[in-house]
Amino acid sequence: MKFRGKIVDVACLNHFSRVITTISKLTKMCVLRLTPDNLFFVLSGKVANGGVSMWCELSQVNFFDEYQMEGVSSEANEICLEVTPENLSRALKTVQNAKAVKVKLTKKHCPCLTIAAELPTMSSISRVVTHDIPVDVIPRRLWHEFKEPSMPDFDVSIYLPPLKTMKNVVDRMKNLSNFLVIEANLNGEMNLKIETDLVSVTTHFKDLGNPPWGDDASQDGAPSQSRDPENMAQARVDIRKLQQFLMGQQVNPSKAMCNIVHQNIVHLILLHEDVSLQYFIPAVA
């Protein structure tokens, strides 16, 4: 098992750092899956995570100037590592102005992702800063837990309003309730609602638009064409999990979408050129 990569372009380094920071806001631990073409950051929807799951996909060619990896074997050419994204994020923040950053899988006192950065200097003496980030190697028998989640058979898919606006609304609502209802229809309308014994608050968004999913978007070509466009699909979710998702955003997506399986799950998707991030929040009763 070998992995080494090198980032020279400052814009690529900063972008990579922003993606890692976003992930670190979503989860304390996750799995980094390395393949010859991609890096995946994965959180599987276990009860310990409150049922939340995440799938973030990066194309290595858009970030790394050099990228070499050898997986467990020729037919299983992958490496799966359990990492703490916060440690990775901290290390990358200290090397933002580096001339080059190398990332390598090493064996110190334990398996590590070693980040070595060549920093600019006024003299001829080079300065290299090294961070060793401990990781756990995930055995192949557990890899099946970290495959891409299937697209849920959603009732409604809708584009999200500006994430900053949505965050401000959710931040205010969190002071009033622990749970929030997200509802949307095929007319480009979305509502965020909280209801308690004392107060009922709804924020309405309209003209958001609905993504034009093809007939193969999900098992039945969802959302169903026979569905009444006015009919709302909704899910009640833990407001902290939605807030966590909105707080961490540094990806600046070109597209942000929300799929709702009625009273079951909220599936959030952020797309930005070379990064896609999916986040699944289960509904609560």
Side-chain angles (χ1 to χ4, degrees), residues 1-24 30-42 54-138 140 143 146-148 250-254 270-277:
M1 260 192 337
K2 292 179 183 170
F3 166 66
R4 55 177 303 161
K6 185 177 181 181
I7 304 176
V8 177
D9 187 284
V10 173
C12 290
L13 178 60
N14 289 340
H15 188 22
F16 187 63
S17 182
R18 281 196 299 274
V19 172
I20 305 298
T21 300
T22 293
I23 291 164
S24 74
C30 71
V31 169
L32 169 58
R33 203 176 131 207
L34 300 164
T35 69
D37 299 319
N38 296 87
L39 298 88
F40 304 94
F41 290 90
V42 189
M54 173 193 76
W55 176 268
C56 184
E57 185 172 331
L58 287 72
S59 174
Q60 60 88 356
V61 74
N62 291 319
F63 292 90
F64 289 86
D65 295 88
E66 295 172 21
Y67 183 94
Q68 297 168 301
M69 61 94 42
E70 285 175 29
V72 174
S73 64
S74 53
E75 71 275 4
N77 195 14
E78 291 186 18
I79 300 171
C80 279
L81 308 169
E82 187 171 54
V83 299
T84 306
E86 174 66 26
N87 292 345
L88 203 50
S89 173
R90 275 199 205 121
L92 288 168
K93 276 178 186 166
T94 64
V95 299
Q96 291 289 286
N97 301 319
K99 289 199 275 186
V101 173
K102 292 177 183 170
V103 185
K104 191 176 179 183
L105 183 59
T106 56
K107 180 85 170 141
K108 303 285 172 97
H109 53 286
C110 66
C112 289
L113 270 180
T114 295
I115 294 179
E118 190 185 335
L119 299 179
T121 174
M122 301 297 282
S123 67
S124 57
I125 304 163
S126 66
R127 286 194 305 153
V128 176
V129 171
T130 304
H131 295 268
D132 291 321
I133 299 160
V135 296
D136 284 327
V137 177
I138 292 183
R140 193 174 162 187
W143 284 8
F146 307 106
K147 296 297 180 192
E148 181 170 10
Q250 300 196 5
V251 176
N252 299 328
S254 51
L270 302 183
L271 301 176
H272 177 92
E273 293 163 15
D274 39 26
V275 181
S276 75
L277 173 64

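Quantities reported herein were computed from a predicted structural model and do not represent experimental measurements.
The closest side-chain donor-acceptor pair between H15 and N62, if any, does not fall under 3.5 angstrom.
Side-chain atoms of L113 and L32, non-hydrogen and from C-beta on, do get closer than 4.5 Å to each other. No side-chain heavy atom of K2 sits under 4.5 Å from any side-chain heavy atom of Q68. Side-chain contact check for L92 versus H131: every heavy-atom pair is 4.5 Å or farther apart. Taking 4.5 Å as the limit, some side-chain heavy atom of V275 sits within range of a side-chain heavy atom of F63. Using a 4.5 Å heavy-atom cutoff, the side chains of S126 and K99 are not in contact. Within the 4.5 Å cutoff, the side chain of K108 has heavy atoms near those of the T114 side chain. Taking the side chain as every heavy atom from C-beta outward, L88 and S24 never approach each other to under 4.5 Å. Annotation: side chain of L81 is not in contact with side chain of P111 (no heavy-atom distance under 4.5 Å).
When all heavy atoms are compared, the tightest approach of A117 to V95 is CB-CG1, 3.2 Å. Contact record, V101 with A98: CG2-CB, 3.8 Å, taken as the closest heavy-atom pair. Looking at every heavy atom in both residues, E148 comes nearest to R33 through N-NH1, 4.4 Å. The heavy-atom pair separating R127 from P120 by the smallest distance is NH2-O, 3.1 Å.
Here K102 contributes atom NZ and D65 contributes atom CG; the two are 12.0 Å apart, rounded to the nearest 0.5 Å. Rounded to the nearest 0.5 Å, atoms CD (E78) and CZ (R140) are 9.0 Å apart. Taking CZ of F41 as the start and CG of L58 as the end, the distance is 6.5 Å to the nearest 0.5 Å. In this structure, the separation between CZ on F64 and CG on L13 is 9.5 Å, given to the nearest 0.5 Å. Put simply, CG on L277 and CD on E57 are 11.0 Å apart, with the number rounded to the nearest 0.5 Å. A distance of 14.0 Å separates CE in M69 from CZ in R4, rounded to the nearest 0.5 Å.
T21 places a side-chain N or O within donor-acceptor distance of the main-chain N or O of S17, the cut-off being under 3.5 Å. In this structure, W55 contributes its side chain and S276 its backbone to no donor-acceptor pair below 3.5 Å. In this structure, the side chain of Q60 engages the main chain of P36 through a donor-acceptor pair within 3.5 Å. At least one donor-acceptor pair closer than 3.5 Å links the side chain of S254 to the backbone N or O of L271.
A distance of 6.0 Å or more separates the ring centres of F40 and F146.
No more than 12 heavy atoms of other residues, nucleotides or ligands sit less than 6.0 Å from atom CG of N97.
Evaluated for a side-chain contact (heavy atoms from CB on, under 4.5 Å) with C112, the options D132, L105, I133 yield exactly one hit, D132.
In this pair, Y67 and F3 present their aromatic rings perpendicular. The plane angle is above 60°, beyond the 30 to 60° band.
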